[in-house]
Amino acid sequence: MALPDKFLKPYDPSAVEGPIYKKWEDSGYFNPDNLPKQDGEPFSIVLPPPNVTGTLHMGHAAMLAVEDIIVRFERMQGKKVLWIPGTDSAAIATQSKVEKEMEKKEGLSRKDVGREGLLERIDVFVKESESIILNQLKRMGSSLDWSRYAYTMDPPRYKAVMEAFVRMYNAGLIYRGNRIVNWDPKGQTTISDDETVYEERDTTLYTFKYAPDFPIAVATTRPETKLGDTAVAVHPQDARYMGYIGQTFEVPFAGTTLTIAIVADESVDPTFGTGALGVTPAHSQQDWDIAQKNNLPLVQVINEYARMTDAAGPAMAGKKVLEAREAVVEWLREQGLLIKEEKIKQNVSTAERTGAVIEPLPKLQWWVDVNKPIKERGGKSLKDLMREAVQSGATTITPERFEKIYFHWIENLRDWCISRQIWFGHRIPVWYRGEELKVQANSPGAGWEQDPDTLDTWFSSGLWTFSTLGWPEQTADLKIYHPTELLETGYDILFFWVARMILMSQFLLGRVPFKNVYLHGLVRDHKGRKMSKSVGNIIDPLDMIDRYGADATRLSLIMGAAPGNDIKLDENRVRGYKNFSNKVWNIARYVLSQERAGGIKQDLKDEFDALARDVTADLRAYRIYLAGEKLYHYLWDRFAAQIIEESKGKPEYGGTLYYILEGALKLLHPFMPFITEEIWSSVPGASSNNKLGLIMVEEWPVR
RNA sequence: GGGCGCUUAGCUCAGUUGGUAGAGCAACCCGUUUACACCGGGUAGGUCGCAGGUUCGAGUCCUGCAGCGCCCACCA
């Protein structure tokens, strides 16, 4: 047997991966419409669209490895497999990145260039970033159907977003309301509850009285907000304070005058602190609720720039929040009103993107009502629809423990603030003319002004499983491929994305967006730290691919990685799987140097077939890490170390060796697509079901 | 404050429905007789966090405890 020259050298991934990906792409088989077998059942999955803010990291690589393994496995099972690629505009993240660069390089702010100017710059940035990302997706070997590529801001997706907003508005699920929002003073926009993150900080709790003759002391960590107090709330059964309920006091306070009503509210804990709560309706969610119930006036003393307003009085107006805090404390001290200062730890709400401390402010914004009964859905609310999707088993989550987390999140869910004061994103399809308001995608005509705000980026992401298939058009793709079979993503975006997709699909289509959710863990460094630029512990997937090959990189990210568990990655691990690649290469080298002679030994065939069934069952159940390990050990410890050794000098083993090699290459192909394709092209006499002889669409060894 | 997870060989972790403890990396010894030194052969290393319970039998199920981590939450 003449062994091809390439087998005389160790396996060199960098030489073969590019041409092989090209061969796959040219074959057209990434597109299910071109598959050799057209009567298979459909299998669809969307790629969680990477943000167009930068480049792919190891987390993306892990996601791509898992998804490509499943996709290739299903394709070889003869299914009509569709894996849709895409990218996400990531509104806030992208705009702030471009703004930062503009500021740094040109010294310009968004006000200098205006809305149109900024959007043009973002467009240029997005184009560049997009081409880098698409190239990276290909380098990983991802068998994505590029003919169906989608971007959250492209015209079909834009149209879907407008349609979704209008339908939800018409169903009464979207409303405009003045409420306390999470205001990000750095990003200059509102954000949703999920975009905030608590940080524990040391702070001081001040206990004080508003005035010497004021009967009740209260405590606060934010004395500057007390300039906006309009009431003191006490528990209705609290004997100490019952007598004051209903009274109103007018007191001078740090250069202004406060009017404080004493009100009763069940939510006040009489055992905490002084048992009384200074109510600041404009700057606290809880206080806002109390104010609503008791008809208290609202005094906004902090503005969007985290400075004091005129309502805070002439002494304080214009001061930064922290300056005002010191000034108020100083005043209290001077007046002898400060009773106690204690150091405490407090959870401060911060903006996930910018890190700024959230300033709760009352603002007129657009909201999604999650509790309102929906006529078209049998009186169920969005919350009900989200809960039902998983409770009924229509959608399952792997690992299962996340189902509990999901339900718990729904219980705590409040209305979703969807309007953002940034320019990049899907513009809210609402038009104003004087007091009139119209909700529609396009301008109703002259004299109408569109709402200046854009939508939360997760609003559009929520439509992803069906907007990518052509919705709201009733396309063939939508009929065939929705609901999608699987949604594979990191557990960190379960609420942001997975839950929002369920919400949107349940309401707009009346069905779940996917049957299974597979949540992978986060990729961390070898010490378990998050990879980040500032720590300098980032491992670049392209770097690993250059050095060890895409196949080795993929294996390092899925082996021993149970769903939902974080992966600790170090370079040694990738190197180890490079060695395995070479092992596979040499197995092939040896077998291909033998003649395909003699029959197939029954016991060895049975043993291999059992492995194949085992691996198949694991893949069906998404136990990818187990399937991979079994193949690894069979090939190295059993096939190479024992069967091949035993066969040496015995030509009658030839048929058996070929039988195992061919089967093993197929089983291994989803995990290591490049090397298996490369070897397959050199296996003489391998049967083929496609004119190009690609293993990628070969038939899986067992049913 | 509520919930969830983890704790198995020096390190990173498997262990799918309970049936005599596993892998990779690292360490040590030996080996270059033709698939592979990106290799082969071998050695050493664990009371499976602690304490109870169920069982003929528990790393695997139940209870309690400890340490670590994560998520959620309007305690001023």
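Chain naming here is simple, since letters A, B, ... match the order of the sequence lines and numbering starts at 1 in each.
- Remark: side-chain polar atoms of A:N294 are not paired, donor with acceptor, to backbone N or O of A:L296 under 3.5 angstrom.
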Just the table, please: protein N/O against nucleotides 20-24 of chain B N/O, every pair under 3.5 Å.
{"unit_1": "B:rA23", "atom_1": "O2'", "unit_2": "A:H633", "atom_2": "NE2", "d": "3.1"}

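- Taking 4.5 Å as the limit, every side-chain heavy atom of A:I643 sits out of range of all side-chain heavy atoms of A:E646.
- Judged by distance alone, with hydrogens and angles left aside, A:E645 brings a side-chain donor or acceptor within reach of the base of B:rA35, the pair sitting under 3.5 Å.
- Phosphate proximity of B:rC13 to A:Y625: absent, as no side-chain N or O sits under 4.0 Å from OP1 or OP2.
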Worksheet, complete the sentence: With sugar-phosphate taken as primed atoms, P, OP1 and OP2 and all else as base, the protein-contact string of nucleotides 2-11 of chain B at under 4.0 Å (heavy atoms; B, S, -) is --SS------

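- One finds a salt bridge joining A:R387 and A:D384 here, because a Lys/Arg side-chain nitrogen approaches an Asp/Glu carboxylate oxygen to under 4.0 Å.
- B:rG64 and B:rC28 are spaced 43 Å apart, taking the C1' atom of each and rounding to whole Å.
- Panel note: side chain A:S349, backbone A:I358; no donor-acceptor pair is recorded below 3.5 Å.
- One can place NZ of A:K9 at 17 Å from C1' of B:rA35, the figure rounded to the nearest angstrom.
- Rounded to an integer number of Å, the gap from A:I679 CD1 to B:rA35 C1' is 12 Å.
- In this entry the distance linking CG of A:L557 with P of B:rC13 reads 14 Å, nearest Å.
- B:rU34 and B:rC39 have their C1' atoms separated by 13 Å, with the value rounded to a whole Å.
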Worksheet item: Given A:K601 and A:E607, is the salt bridge (Lys or Arg N to Asp or Glu O under 4.0 Å) satisfied, shown in steps?
Response: CA-CA 10 Å; A:K601 298 194 178 298; A:E607 184 191 343; over 6 Å; no

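- Only the P atoms considered, B:rU8 is 15 Å distant from B:rA51, to the nearest whole Å.
- Protein atom CZ of A:F495 is 11 Å distant from nucleotide atom C1' of B:rC70, rounded to whole Å.
- The closest side-chain heavy-atom distance from A:F214 to A:Y244 is not below 4.5 Å.
- Between the C1' atoms of B:rU12 and B:rC74, the separation comes to 42 Å (whole Å).
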What protein N or O atoms touch nucleotides 74-76 of chain B N or O atoms at under 3.5 angstrom, if any, and at what distances?
{"unit_1": "B:rC74", "atom_1": "OP2", "unit_2": "A:Y198", "atom_2": "OH", "d": "3.4"}
{"unit_1": "B:rC74", "atom_1": "O2", "unit_2": "A:Q286", "atom_2": "OE1", "d": "3.4"}
{"unit_1": "B:rA76", "atom_1": "O2'", "unit_2": "A:A219", "atom_2": "O", "d": "2.6"}
{"unit_1": "B:rA76", "atom_1": "N6", "unit_2": "A:D269", "atom_2": "O", "d": "2.5"}
{"unit_1": "B:rA76", "atom_1": "N6", "unit_2": "A:F272", "atom_2": "O", "d": "3.3"}
{"unit_1": "B:rA76", "atom_1": "N1", "unit_2": "A:D269", "atom_2": "N", "d": "3.4"}

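- Atom CZ of A:R524 is separated from atom P of B:rC13 by 11 Å (rounded to the nearest Å).
- Here the P atom of nucleotide B:rC13 and the CZ atom of A:R623 are 22 Å apart, to the nearest Å.
- If you take atom P in B:rU16 and the same atom in B:rA21, they sit 14 Å apart, rounded to whole Å.
- Nearest approach of A:E224 to A:V328, heavy atoms of both residues: CA-CG2, 4.1 Å.
- The aromatic rings of A:Y659 and A:F608 lie perpendicular to each other, with more than 60° between the two planes, well past the 30° mark.
- For A:M559 and B:rG15, the CE to C1' distance is 15 Å, given to the nearest whole Å.
- In this view, A:K650 satisfies the side-chain hydrogen bond (donor to acceptor under 3.5 Å, both in side chains) rule with no residue, not counting sequence neighbours.
- The side-chain hydrogen bond (donor to acceptor under 3.5 Å, both in side chains) test with A:T204 singles out one residue from A:R325, A:K343, A:E341, and that residue is A:K343.
- In this structure, A:E662 pairs ionically with A:R596, as a charged nitrogen and a carboxylate oxygen lie closer than 4.0 Å.
- At a threshold of 4.0 angstrom between heavy atoms, the contacts of A:A640 include nucleobase atoms, whether or not backbone atoms are also involved.
- For the pair A:D525 and A:K568, the salt-bridge criterion is not met [side-chain N within less than 4.0 Å of a carboxylate O].
- To the nearest whole angstrom, the two C1' atoms, one in B:rG59 and one in B:rG15, are 8 Å apart.
- Comparing B:rA23 with B:rG45, their P atoms sit 14 Å apart, to the nearest whole Å.
- Residues A:Y210 and A:F208 bring their aromatic ring centres within 6.0 Å.
- In this structure, A:K648 is positioned above the aromatic face of A:Y590, its NZ or CZ under 6.0 Å from the six-membered ring centre and within 45° of the axis.
- For the pair A:L569 CG and B:rU12 P, the computed distance is 14 Å after rounding to whole Å.
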Output a table of nitrogen or oxygen pairs between the protein and nucleotides 37-40 of chain B separated by less than 3.5 Å.
{"unit_1": "B:rC38", "atom_1": "O4'", "unit_2": "A:N579", "atom_2": "OD1", "d": "3.3"}
{"unit_1": "B:rC38", "atom_1": "O2'", "unit_2": "A:N582", "atom_2": "ND2", "d": "3.3"}
{"unit_1": "B:rC38", "atom_1": "O2", "unit_2": "A:K578", "atom_2": "NZ", "d": "3.1"}
{"unit_1": "B:rC38", "atom_1": "N3", "unit_2": "A:K578", "atom_2": "NZ", "d": "2.9"}
{"unit_1": "B:rC39", "atom_1": "OP1", "unit_2": "A:N579", "atom_2": "ND2", "d": "3.3"}
{"unit_1": "B:rC39", "atom_1": "O3'", "unit_2": "A:K583", "atom_2": "NZ", "d": "3.3"}
{"unit_1": "B:rG40", "atom_1": "OP1", "unit_2": "A:K583", "atom_2": "NZ", "d": "3.3"}
{"unit_1": "B:rG40", "atom_1": "OP1", "unit_2": "A:W636", "atom_2": "NE1", "d": "2.4"}

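- With C1' as the reference atom, B:rG10 and B:rU43 are 16 Å apart, rounded to whole Å.
- Among the protein residues, A:Y491 comes within range of no part of the nucleic acid, since none of its heavy atoms lies under 4.0 Å from any strand.
- For A:R353 and A:D184, the salt-bridge test fails: no basic side-chain N is under 4.0 Å from an acidic carboxylate O.
- Using a 4.0 Å cut-off between charged nitrogen and carboxylate oxygen, A:R547 and A:D543 count as a salt-bridge pair.
- Atom CD of A:Q346 has more than 12 heavy atoms from other residues, nucleotides or ligands within 6.0 Å.
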Response to the item:
Applying the Watson-Crick and G-U criteria (both distances under 3.5 angstrom) with [ ] for crossing and | for other-strand pairs, one obtains for RNA chain B (((((((..((((.....[..)))).(((((.......))))).....(((((..]....))))))))))))....

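- Ring geometry, A:F495 versus A:W409: the interplanar angle falls under 30°, so the pair is classed parallel (tilted spans 30 to 60°).
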